[in-house]
Amino acid sequence: MAPPKRAAMLAYATAVALPSAHARTWWGIEIPAIDGIHDSDPLLSVSSQLAMEDMSFLYGSLAATDGIKSSPNAKPVTFSIPAPSSHPTASIQLVSSTVTNAPTAQSDVPTWSPSSLYQANNGSCPSGETLHRLFLFDSYGDGWGTAQLSINESESTNTVFAGSLDGTSVVTSDNSAAKAGGREGAVYLCLKPDVCYTAEVTGGIFLEEISWEIQKVELRTGRDAGVIAKGFGGGFGGCQFRLEGEDDRCVTTCDGTATENVVAFQSMSPSGSPTSSPTPLPTSKRTKRPTTAMPTEYLPQDKDREFGADQYKRLEGIILSASPNSKGALSDQKSPQHLAFEWLYNDENGLSNSRLVQRWVLASFYFGLNGDDWLNKQGWVDSKNECTWFGVSCLDGAVSKLELDENRLVGEIVPEFALFGDSLNQLSLGNQYDTPSDKRNQIVMPVPSFLSELTYLSFLNLEGIGLTSTIPEEIYSSLTRLESLYLNENDITGTLSPAIADLKSIEVLWLGGNSLRGSIISEIGQLSTLRDLSLESNFREDTAGKRGFIMTVPSEIGQLSNLEVLDISDNALSGTVPVQLGDLISLRHLDLSNNFFENQLSPALGKLQMLEVLDISYNWLSSTIPSEYGDMISLTSLSLDYNYNDESGYFTWGMHGKLPTELGKLKNLQHLHLNDNYLSGTLISEIGQLFLLETLHLQNNFLLGPIPNEYSKCVLLEELLLEENNIDASFGMPEDVCRLPELGLARVDCDVSCTCCYGC
């Protein structure tokens, strides 16, 4: 049996050799207490191993002179415990540390003596790599001993890190030290997002005491922005991780749990130690996580460039001076504004303040609308002049136009977009009604009130992108330069505001295809510059009743002397068609279809000699066709069909009476649709004078024959529908009509002979 004092001797020998600041806390046990330890006591085995590891640490610190790092390739050196007066001050160094693929533009590795703005040019990491902090922990507080962590790129020979935690510090190959101590140390790494990394702990004892963790570093604050990978000595054997996602070749296993390939515990007890098995050491993982951000003196910066704390504060000051309300968004590392600031900070390039703000706003817009998935993102968020980015146009260096229609923008527009208020003239982000789903912009959000700050806008197209809620009044009252406003085909609700009269320059106003309701307000009549007014398709019917524009059309609409297009179809408008519409002498397109207009049509519409399209179909009219309509000499399409109504107890005569012979004066007419009414009398031959006519729909009336042979002069006629009338069987379809070269569809009643008709 060994002398009972052996443990005390081991303790004394190591305590003499090591400085007190680095001795284990258990060395504080009083010698009399150690005297009572016998060979059979498990504490003897444990204390022997502790002593041997401490002597191993001591060997490492004495293997080289001050200022010279121990090399992993160094030859063994005969070791003996020196006298207390001769040992060096405690500075046990990293076994080996290598950072490969480091930045070359400014420095070879991320620097280790940072200011409060740690991420100088991304911490000196090259483009495509991001800065991370590797923590090495020892729960006992005396370092890792001979244990070593290596981190390598799995599919190459590149070593990102190879090293250990000693009693005081972690240093790189050039001896520059990072924050460290016996309990924890930290170094900075440049990592690639799409590379698989392998981490492995090798060597050493007391493995249950050691752990490691990689965290992303947050811009500006230096705080840890989330754990990327972690592991511990007791579970070493190799694990994998990558920054973004995983695949079959790289499944993340560096998650702090034990791996399958666990190396057996290696005893380093002296040869003379008891042969009985030692008491197993604790198996719990006592990983010490950082609880506070790294002190600013340990945050990296590039000393060779002007990117210190002053630069960060200057850039932040520029942004917040232009947009004070963005402070909260800048602090949110996941926000588009923060991502844009991070990009801008690394791409500052000595630009003027206005250019910095402009690039930041565009980048925030990009990140807020999932720019990485755009169909065309050429030039965006790179070092090129932002005026060359796809869809961006500038005037005197300021953004004046942004056109990104049908480009798969998905997300929301950041409110900082309002900073373009002094320069932006055109904004177009809309879709066409038939845009394929994989190209559609989907900007589902309430109509942004900050649009009202874009006071220089003359063109705004947000058609069919998913906007909701009501239109803020300030958009009407502030955008006094606006000439074209496209908000159609969204899900906008509410009523028209009287503030709409403030759109003093408006020429095109499209609000159709929404869920607007109420009346068409009289203030519309004050828009003297208006050329195109489209309020169609706001009709909705649900459990709450009918929605859309209701009541009558205000007479003030007749004041719009410059109006060329008026489309108020598919609503719930009622009353008589306003006689004042006859005053719109510039009108080219008038669509009143699918409403509840009643009674007699006014002859005043005959004054519209510029009118090309007149559609009053699908209403509840009880009217004759005014002969004055023959004066609309520019008319190409006349639709008065489906006005007969005999449903739900409501009866209308529709269009009734005889066909006016004046219709023969409409020399430009291509489409004449008078079907499904109560028209009577004989078919008029004057229709044969319409040489450009392509479709003639007179079915479902009470018209009489014969069918005029003059219809054969309509050489462009494609459709002739005469069925469900009172044409006598003795009258047949003239053969000259059947021989029309373009005729593809002809129909009469079954008892009327016809060699070119289909069905009956």
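Along the sequence shown, residues carry numbers from 1.
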Go through the steps for His673 and Thr695 under the test side chain to side chain donor-acceptor pair (under 3.5 Å), then give the verdict.
-> CA-CA 8 Å; His673 296 172; Thr695 61; 3.0 Å; yes
Steps toward side chain to side chain donor-acceptor pair (under 3.5 Å) verdict (Gln689, Lys667) | CA-CA 7 Å; Gln689 300 173 22; Lys667 303 301 183 180; 3.3 Å; yes
Mind running side chain to side chain contact (heavy atoms under 4.5 Å, CB included) on Trp510 and Asp532 for me, showing each step along the way?
-> CA-CA 8 Å; Trp510 282 20; Asp532 187 340; 3.1 Å; yes
Begin with the C-alpha distance, continue with both residues' side-chain angles, and end with the deciding distance and a verdict on side chain to side chain donor-acceptor pair (under 3.5 Å) for Glu406 and Asn431.
-> CA-CA 5 Å; Glu406 300 177 315; Asn431 300 305; over 6 Å; no
Should Ser569 and Asn594 be marked as a side chain to side chain donor-acceptor pair (under 3.5 Å) after you check the CA-CA gap, both sets of side-chain angles, and the distance that decides it?
-> CA-CA 6 Å; Ser569 61; Asn594 282 287; over 6 Å; no
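With hydrogens and angles disregarded, no donor-acceptor distance shorter than 3.5 Å links the side chain of Glu489 to the backbone of Tyr433. Checked by atom type and distance alone, the side chain of Asp641 never pairs as donor or acceptor with a backbone atom of His697 at under 3.5 Å.
Heavy-atom minimum distance, Leu635 versus Leu666: CD2-CD1, 4.3 Å. Taking every heavy atom of both residues into account, Ile633 and Asn668 meet most closely at O-ND2, 2.9 Å. Here the closest non-hydrogen pair linking Lys439 and Leu375 is CG-CD1, 3.5 Å. For Leu516 against Thr493, the heavy-atom pair with the smallest separation is CD2-O, 3.5 Å. Between Met655 and Leu601, the shortest heavy-atom distance links the atoms CE-CD1, 3.9 Å. In terms of heavy atoms, Ser505 sits closest to Thr529 at C-OG1, 3.3 Å.
Residue Phe597 forms a side-chain contact (heavy atoms from CB on, under 4.5 Å) with just one option from Thr576, Asn643, Val553, and that option is Val553. Checking each of Asn441, Leu404, Ile443 against Leu369 for a side-chain contact (heavy atoms from CB on, under 4.5 Å) leaves exactly one that passes, namely Ile443.
In this structure, OG on Ser623 lies 14.0 Å from CH2 on Trp653, to the nearest 0.5 angstrom. In this structure, the separation between CD1 on Ile413 and CG on Leu427 is 6.5 Å, given to the nearest 0.5 Å. The line from OH of Tyr456 to CZ of Arg481 is 4.5 Å long, rounded to the nearest 0.5 Å.
Ring geometry for Tyr366 against Trp374 counts as perpendicular: the plane angle is over 60°, on a 0 to 90° scale with 30° as the lower cut. Relative orientation of the Tyr644 and Tyr678 rings is parallel, given thresholds of 30° and 60° on the angle between their planes.
Disulfide status for Cys756 with Cys738: present, SG atoms under 2.5 Å apart.
No donor-acceptor contact under 3.5 angstrom links the side chains of Ser534 and Asp567, judged on distance only. Side-chain atoms of Ser400 and Asn425 include no donor-acceptor pair closer than 3.5 Å.
Under 4.0 Å is where a charged nitrogen must lie from a carboxylate oxygen, and between Arg588 and Glu612 at least one such pair does. Ion pairing between a basic and an acidic side chain is recognised when a charged N comes within 4.0 Å of a carboxylate O; Asp583 and Lys607 show such pairing.
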